[in-house]
Amino acid sequence: MTRHDIVFLKPGSQKALYGELSDFKLTGLEPPLWGAILAGFMRAKGYATALFDAEIEGWSWQEAAARVVEAGPTLAVISVSGSNPSASTMNMVGASAIARHIKEIAPTMPVAICGLHPSALPGRTCEEEHVDFVVRGEGFETLPQLVEALKAGADLAAIAGIQGLAFRDGDRTVETAMPALLDDLDTLPRPAWDLLPMERYRAHNWHCFDDITRRQPYAVLYTSLGCPFKCSFCCINALFGRNTIRYRGVDSVIDEIDYLVNTYGIRNIKIMDEMFAMNEKRVAALCDRIIERGYDLNFWAYARVNTVSPGMLAKMKRAGINWVSYGFESGSKRVINDVTKGYDTSKVMEVVRQTYDEGLHICANYIFGLPEDDFESMNETLQMMFEINAEWANIYAAMALPGSQLYTLALENRWPLPESWQAYSQYAPNSLPLPTKYLSGGQVLAFRDYAFDAYYKNPGYLNMVREKFGTQTMEYVIAMSHKKLERQHAVI
Ligand code: SF4
């Protein structure tokens with residue numbers, strides 16, 4: 001076996017985090033974007049690189065650790081950036097177990113952990129996990145230097161000169177300065193998709209409501225990194241250290257789409273950008289180039305109520321962006337203003353109508369239990385959900401995710417937080433949302449589950465799904481809505 005300079009591993013935790021839902025194949029299985037970006041980057045620098053996805057391989061935590069050790073890397077890196085911001089914290093469950101097993105088998109193998117959650121809590125991660133290093137931020141500056149230092153047998157005093165690290169030195173935790181963000185994303189090579197079993201990934205069920213049997217193959221890509229907004233419940237910028245957005249050039253995005261289509265026959269693509277539909281000129285330029293290609297693609301992408309226009313939506317639809325995901329969050333103006341979401345709630349229905357008029361489907365995101373929520377405001381949200389009648393709705397209970405302003409507030413105010421990283425999962429049996437100023441986390445959780453039932457069993461919703469996508473998809477939704485979640489903390 002080739003000895004590797006660096007091995008990246010995406011931990012698997014689906015069963016622990018999604019319970020029964022993972023068996024039902026409701027959840028998507030996404031290729032690990034950050035693992036692939038970093039693996040492509042390190043390989044292009046000449047390092048012998050491997051990338052493992054324990055989730056897609058179905059490896060147990062012990063097996064994942066054994067595979068990493070077998071690859072014999074100078075540095076093993078567990079990457080816990082998930083498919084959405086909240087997934088990073090939840091994936092600490094698998095990351096933690098795998099790191100522990102690696103150290104049991106190979107106590108001297110250097111192990112690092114990177115991603116959003118470790119970047120948000122570097123000191124705590126160093127102290128609690130069986131890792132030698134936390135890589136803070138993106139890792140482009142840090143990882144090559146760390147591998148070189150380890151190869152040269154450098155001591156911790158020398159390693160302390162590398163930016164973007166946290167590590168234990170005796171009884172103390174050392175955190176080095178954050179490196180500057182990479183200016184030009186086009187200097188990055190293509191993510192190392194070839195190191196992954198791309199034919200096995202599967203799109204979210206709703207993304208393929210037009211043909212629920214065609215969820216594979218599936219790919220993700222990014223056209224920008226970061227987000228300039230400052231919603232208090234959101235943690236995504238913890239990875240970057242500030243609220244900012246950087247764009248890839250249109251040519252490089254098109255080159256990657258060509259590669260995914262021509263190499264893997266990809267049709268379903270998630271645009272991972274936290275905020276894709278923002279700069280109208282850029283969206284139009286990119287969509288024009290995709291339209292020119294004439295591929296049969298089925299994309300989804302994020303947008304905000306205050307960043308889209310009918311012209312932008314029309315162009316997106318022509319490019320194959322069939323689904324747009326809006327963070328409506330709440331039907332209450334008071335709740336929205338409190339979390340600095342920064343959009344005009346009176347515009348919601350106008351934007352919803354424009355989106356439907358242009359032929360796009362909506363994946364709506366709602367959050368119950370934001371700090372200003374009470375039963376009245378949560379009912380307003382539920383009424384808004386019925387009114388929007390989105391083809392798909394992600395219905396969340398608020399969590400104070402590490403890296404978000406809400407997490408800092410929760411610590412300052414001693415609000416009860418989940419007892420484990422697993423309990424940050426919406427679907428785990430011990431899931432525990434944040435309390436609001438007026439309600440306990442258990443009350444919020446019970447209301448969230450009630451709203452989920454009310455929405456997905458609503459005849460107005462089911463009829464709409466049947467009319468747009470056919471009886472098979474409607475029956476699929478009905479079967480999904482009858483899955484009961486085990487809840488230890490719901491207060492009815
Ligand atoms: S707009 Fe979306 S990605 Fe940006 S900070 Fe708000 S929730 Fe996060």
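Numbering of ligands and ligand atoms starts at 1, following listing order.
The salt bridge (Lys or Arg N to Asp or Glu O under 4.0 Å) test applied to D273 returns no partner, not counting sequence neighbours.
For ligand 1, the atoms closer than 4.0 angstrom to any heavy atom of E274 are 3 (S). Residue R304 has at least one heavy-atom neighbour below 4.0 Å for each of these atoms of ligand 1: 1 (S).
Proximity annotation for atom 2 (Fe) of ligand 1: of Q405, K230, M275, M278, M275 comes nearest, heavy atoms only.
Between E30 and Y218, the side chains place a donor N or O and an acceptor N or O closer than 3.5 Å (distance only, hydrogens not considered).
Contact annotation: for C227 versus ligand 1, heavy atoms closer than 4.0 Å belong to the side chain alone.
The aromatic rings of W34 and F240 sit tilted, their planes meeting at an angle between 30° and 60°.
A donor-acceptor contact shorter than 3.5 Å is absent between the side chain of R136 and the backbone of S119.
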